[in-house]
Protein chains: 2
Amino acid sequence: MVLGTRLSPIASVPRVVLCERCPIRRHGVCDQVDPHDFERMASDGPRVRNLAAGSVLFGEGDAFDRVFTLQAGWALTSKLFEDGHRQIIRFVLPGDLIGFEGSEATGMAYGAEAITAVRLCGMEHSMFFKECSCSPRFAMNYAEAVTREAMLAWNHVGALGQQSARGRVANLLVELHQRVRAIEGGDDPAVWLPINQTHIADATGMTPVHVCRTLKRMRQEGLLEFSKGRLVLIDPGRLAAVA
Amino acid sequence: MVLGTRLSPIASVPRVVLCERCPIRRHGVCDQVDPHDFERMASDGPRVRNLAAGSVLFGEGDAFDRVFTLQAGWALTSKLFEDGHRQIIRFVLPGDLIGFEGSEATGMAYGAEAITAVRLCGMEHSMFFKECSCSPRFAMNYAEAVTREAMLAWNHVGALGQQSARGRVANLLVELHQRVRAIEGGDDPAVWLPINQTHIADATGMTPVHVCRTLKRMRQEGLLEFSKGRLVLIDPGRLAAVA
DNA sequence: CGATATTTTGACATGGATCAAGTCTAGTGG
DNA sequence: CCACTAGACTTGATCCATGTCAAAATATCG
C-alpha cells in the first residue's frame, strides 16, 4: 500500500530529547488537569513513560483503558482511512490531556502517535474516573479541558467546511502559533513546530503538493514563513483576516 | 472504514413522541445531565422556555452565562462567516446539552438557533458550576456529555477533511439516523429529520445545489431516500461503506 | 390564489487533486 | 571527508469534483 510515505514522515523528525531546537521541555504547571493530582493518583506504579518520536501511543480501536497528560513533546491523534489517507484530528501539546477519546464499548475512537520524543504521565481509567467521582474539582477540570478540546475541534470543523486551502493552512498555523505561545510565553516572532508539510496536509485535508504551493504563495505575499519547523507570522493581521 | 468507529455510540436515551410528523416530543429522561437535577436546581425562577422555530437561542459572542438541556425539538449551533456562509457545527437533539460552547473571556464561541419549536430547560452558569462542584456525579455526567460532543466533532472533522461529497452526506445522514433512533427507539426504517438540503449543505460544507445532485445520485443508486424530512436508509451496509 | 421558499436541472468555471519529475537536505557508511 | 540514500520539498502538466450562475419546477403557506 502507498501508506509508506504518508505514515513515516514522523520517523524522520526524531531529534533527540531535551535539545534547544526541539520543543521537548519540562512542564511545571498544567492548567488542564492539575498534574500534581495526576501524579499523586498515579502513584500505584511506574506511570511516567518516555517514548521515542514515531511511537504509537494507542491505535484506533484499542482498549479504552488509560488517560495521560503529555508532559513533554508533541503528539497527534488521527484517524486512518482505507485508502491510506489519514486525518489528523488534533495536535497534542505539553500540558494537554490525551486518551479520553474513546468509550468502553468501542475502544479508542482515534489513534495517537508521538511526533517528537514525548514524556507521558498516565493512569488507569478506572482510577481516573474514581477520582473524578470523588472530587468534583477534578471532574470539573477534566470537563473544562474537554470543552477546550471540543472548541478547537469545532473551529477545525468550521475551517474545513468553509475555507479555502489558504484559509485552512493559515488557520492551523495561527492556532499552533498561539498554543505554543501560550505554553512558552515570550514573544519571539518565530516559534518552533515539529511538523512538516505532510502533517499540515493531513490536518487540513489537502495534498502535500498543494500545501507546498499554498505555503509558497503565502510566503511570496509576505504573510508568513515556514521552513524546517520554524514558523514566523510576518503579517498576523492579514493572516487573521485570511483565517 | 468501519462504521462503528465513525459514529460515536450514543447511549440510548428516552422515548415518547408528541406529534407524529414533527419531532417535538416530551422528554422523560436525559442521560446526559439528569434533568431531574437540572430542573430542581433551576428552581429559583421560571427556567423552562418554549421557543418558536427559527428563534435565536444565543449569538456568537454573547455572554457565556447559561446552559440548557433541550427537552424537545431540534436546534443547531453554527458559526457565521463574513461572506454570508455558515458552518453548522452540530445538530442539537432532545436530551443534548447546549450552551457550554464558550468561555468567560470570549463569550459563546458559536451561535445557536431553533430549527423546530423547542423547549429548553436552562440555568445560570454560576449555579451550574456550583452544583458541579458539590456533586461529583453531576460533574461526571457533564464531563461525559462534553466528551461525547467532542467525539462527534472529531468525527465531523474526519468527514470534512477526507471524504467526498457523497461520503460527507452519507456520514451526516447516518449519524442523524442513529441519533434519532437512539432517542426514539423503534425500528421503522424511516425517521423524520426536520432539516432541509440547505442544512445539509451548511453542515457538510457543500453548496445546496451539489447536495441536491448528490442526494439524487444516492437515490438512484438505491442507497437512501430523503424527501421532506423523511429519511429512509435503504442500503445501510453500502451506505456505511460510503461513509 | 398569489407569494415565497425549496428543490431540481443545465451550462460553465475553477480550486485542488493527481501524476511525474526533479532538487534539496540530513543521515549513513566507507 | 565524500558518496550514497531516503525523505522532504518543489515545480509543471493535466484532470475532475465541486462551485457558480441562471432559471424552471415544485412545494408551502397565509
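Within every chain, numbering begins at 1; the chains are lettered A, B, ... in the order of the sequence lines, protein sequences first and strands thereafter.
- Of the candidates Val211(B), Val169(B), Thr207(B), Asp202(B), Val211(B) is the only one forming a side-chain contact (heavy atoms from CB on, under 4.5 Å) with Gln197(B).
- When heavy atoms are screened at a 4.0 angstrom cut-off, Arg217(B) is found touching no nucleic acid atom at all.
- With hydrogens and angles ignored, no donor-acceptor pair closer than 3.5 Å exists between the side chain of Arg168(A) and the base of dG16(C).
- Separating the CD atom of Gln163(A) from the P atom of dG16(C) is a distance of 11 Å, rounded to the nearest angstrom.
- Among the heavy atoms of the strands lying under 4.0 Å from Ser164(B) are primed sugar atoms or P, OP1, OP2 only; no base atom is included.
- Here the P atom of nucleotide dT10(D) and the CG atom of Leu215(A) are 7 Å apart, to the nearest Å.
- For Arg213(B) and dG10(C), a side-chain-to-base donor-acceptor distance below 3.5 Å is present, hydrogens and geometry of angles not being considered.
- If you measure from atom CE of Met206(B) to atom C1' of dG15(C), you get 16 Å, rounded to the nearest angstrom.
- When the nucleotides dT7(C), dA8(D), dG12(D) are ranked by their closest atom to the side chain of Asn196(B), dT7(C) comes out on top.
- Side-chain N or O atoms of Arg168(B) include one that pairs as donor or acceptor with a backbone N or O of Thr204(B) at under 3.5 Å.
- The nucleotide whose nearest atom lies closest to any side-chain atom of Lys228(B) is, among dC9(D), dT18(D), dA27(D), dA27(D).
- The separation between Gln220(A) atom CD and dT11(D) atom P is 8 Å, rounded to whole Å.
- For Thr207(B), counting side-chain heavy atoms from C-beta on, the closest listed nucleotide (dC21(D), dG19(D), dT25(C)) is dG19(D).
- One atom, CD1 of Ile200(A), and another, P of dG16(C), lie 15 Å apart when rounded to the nearest Å.
- Side-chain N or O atoms of Glu149(B) include none that pairs as donor or acceptor with a backbone N or O of Ala150(A) at under 3.5 Å.
- The minimum heavy-atom distance linking Ala170(B) with Met218(B) is given by the pair CB-CE, 3.6 Å.
- What separates CD of Gln197(B) from P of dG19(D) is a distance of 14 Å, to the nearest Å.
- Heavy atoms of Arg166(A) sit nowhere under 4.0 angstrom from any nucleic acid atom.
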For side chain to side chain donor-acceptor pair (under 3.5 Å), just list the numbers for Gln163(A) and Asn171(A), CA-CA rounded to whole Å, side-chain angles, deciding distance to a tenth of an Å, and then say yes or no.
CA-CA 9 Å; Gln163(A) 304 202 248; Asn171(A) 217 286; 2.9 Å; yes
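- Looking at heavy-atom distances under 4.0 Å, Gly205(A) makes contact with sugar-phosphate atoms alone, never a base.
- Close to dT8(C), at under 4.0 Å from its OP1 or OP2, lies a side-chain N or O of Arg219(B).
- Atom NE2 of His210(B) and atom C1' of dT8(C) are 14 Å apart (whole Å).
- Following rounding to the nearest Å, Gln162(B) (CD) and dT18(D) (P) show an atom-to-atom distance of 13 Å.
- Residue Lys216(A) places none of its side-chain N or O atoms closer than 4.0 Å to OP1 or OP2 of dT10(D).
- In this structure, the nucleotide among dG16(C), dT11(D), dT7(C) sitting nearest to the side chain of Ala165(A) is dG16(C).
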